[in-house]
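Throughout, protein chains are lettered first and strands after them, A, B, ... in sequence-line order, and every chain is numbered starting at 1.
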Number of protein chains: 2
Amino acid sequence: MLKNMNFIEKLRETGLRPTKQRVKICEILFNREKTFHFTINDLAKKISEELNEKISLATVYNTVHALQKKGYLKEISINSHKSYFDTNTSVHHHFYDEDTQQLIDCDENEIETVNVKKNITGKKINSVEVLVRVASDNQNQN
Amino acid sequence: MLKNMNFIEKLRETGLRPTKQRVKICEILFNREKTFHFTINDLAKKISEELNEKISLATVYNTVHALQKKGYLKEISINSHKSYFDTNTSVHHHFYDEDTQQLIDCDENEIETVNVKKNITGKKINSVEVLVRVASDNQNQN
DNA sequence: CAACAGTTTAGAATAATTATAATATATAAT
DNA sequence: ATTATATATTATAATTATTCTAAACTGTTG
Ligand SMILES: [Mn+2]
Ligand SMILES: [Mn+2]
Ligand SMILES: [Zn+2]
Ligand SMILES: [Zn+2]
């Protein structure tokens, strides 16, 4: 799904009924320049801010999981206490800012292709992803 | 902490009172050849199998967190639905078997050092870790 | 307009983790 | 050794995130 799409059409094509809740959630998720990394709570908060009518929390969960199942969202595990979703569903690397708990996507060219030398018999590699944890550099800061 | 240590001494040195619960948990965690990757549930199950007297679940949580705080255990996030701990506290890479949900440590020589070209101003890199997801290769399997 | 499957919703249920506060234990002080 | 103190364990309650339930509602199809 891309920016400024007709989500009604897109949802229907995908096999999801374009309810007003789903269209609104798609607008919040996909009508943006950059990748969006969010928790269900982030999303629910955004919805209640940007919308006059409320969407039930169960619907937010249902919709996020439906979109994930259809391949429009990817679940990211960084912090075992928080479940993140990502509008970038490709295999890709992340920076994780430990101060702000924000995820940032890494462009292909920002991390050299990882060379995995080991292989496990009978198993194939599904993905190779790098997580770079960063935090504020307190060296020159009293 | 290493294999066959005197955990009573070790715990005391660390500033933790060597209660019989803690010593037993240390034996289960650290008296082994290889790194141990576990969930609280895995550990609680092992305890109840290997021990005649029970250890309360609260104590298992308390002890794991105490050991983590002292730097003897590291929390690993792979699966947002499960919280893993790791007796290997160094920065290191993992294979994750999606069939069995097992983590496997990666030796230094099995993955080439990852070259991170990007840097974020004001932030320093704390760790660079790779996660290789593997699953059974169903190509030659009817 | 039916008719029907799919969706939303409030609220209940579940599960993992953390908090509470009484009891027990380890260590330090006498 | 006895006592005093800080720490730890425990059963149980509370909290939190997520999922389930079942009734009401809505989108689609004919
Ligand atoms: Mn999920
Ligand atoms: Mn934790
Ligand atoms: Zn991403
Ligand atoms: Zn490990």
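- Checking A:Leu16, A:Thr14, A:Thr87 one by one against A:Leu67, the side chain to side chain contact (heavy atoms under 4.5 Å, CB included) holds for a single residue, A:Leu16.
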Considering only nitrogen or oxygen atoms on both sides, find all protein atoms under 3.5 Å from nucleotides 28-30 of chain C and state each distance.
none

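- Rounded to an integer number of Å, the gap from NZ of A:Lys82 to P of D:dA17 is 10 Å.
- Between B:His65 atom NE2 and C:dA16 atom C1' the separation is 11 Å, expressed in whole Å.
- Rounded to an integer number of Å, the gap from CD of B:Gln68 to P of C:dT17 is 12 Å.
- In this structure, B:Lys118 satisfies the cation-pi test against A:Phe95, with its NZ or CZ atom closer than 6.0 Å to the six-membered ring centre and inside 45 degrees of the ring normal.
- When rounded to the nearest whole Å, the span between NE2 of B:His81 and C1' of C:dA16 equals 12 Å.
- Here the C1' atom of nucleotide D:dT18 and the CG atom of A:Asp42 are 16 Å apart, to the nearest Å.
- Residue B:Lys24 contributes atom NZ, which lies 19 Å from atom P of C:dT25 at whole-angstrom precision.
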Side-chain donor-acceptor pairs of residues 50-62 of chain B under 3.5 Å, sequence neighbours excluded:
{"unit_1": "B:Ser56", "atom_1": "OG", "unit_2": "B:Ala58", "atom_2": "N", "d": "3.2"}
{"unit_1": "B:Ser56", "atom_1": "OG", "unit_2": "B:Thr59", "atom_2": "N", "d": "3.4"}
{"unit_1": "B:Asn62", "atom_1": "ND2", "unit_2": "B:Ala58", "atom_2": "O", "d": "3.3"}

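- No hydrogens or angles considered: nothing links the side chains of B:His93 and B:Asp105 as a donor-acceptor pair under 3.5 Å.
- The separation between A:Phe85 atom CZ and D:dA17 atom P is 14 Å, rounded to whole Å.
- When every heavy atom of B:Leu11 is checked against every heavy atom of B:Cys26, the shortest pair comes out as CD2-SG, 4.1 Å.
- Between A:Tyr61 and the phosphate of D:dT19, there is no side-chain N or O to OP1/OP2 separation shorter than 4.0 Å.
- Checking B:Asn41 against B:Thr39 by side-chain atom types alone, no donor-acceptor pair falls below 3.5 Å.
- In this model, no donor atom of one side chain and acceptor atom of the other lie less than 3.5 Å apart for A:Gln68 and A:Lys74.
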Worksheet item: Where along nucleotides 4-10 of chain C does protein come under 4.0 Å, by heavy atom, of base (B) or sugar-phosphate alone (S), with - for untouched nucleotides?
Response: -BBSBBB

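- One atom, CG of A:Asn79, and another, P of C:dT17, lie 13 Å apart when rounded to the nearest Å.
- Judged purely by distance below 3.5 Å, without hydrogens or angles, the side chains of B:Gln21 and B:Thr63 never pair a donor atom with an acceptor atom.
- With hydrogens and angles ignored, the 3.5 Å screen pairs a side-chain donor or acceptor of A:Glu129 with a backbone N or O of A:His92.
- The side chain of A:Ile40 approaches D:dT18 more closely than any other nucleotide in the set D:dT18, D:dA17, C:dA16.
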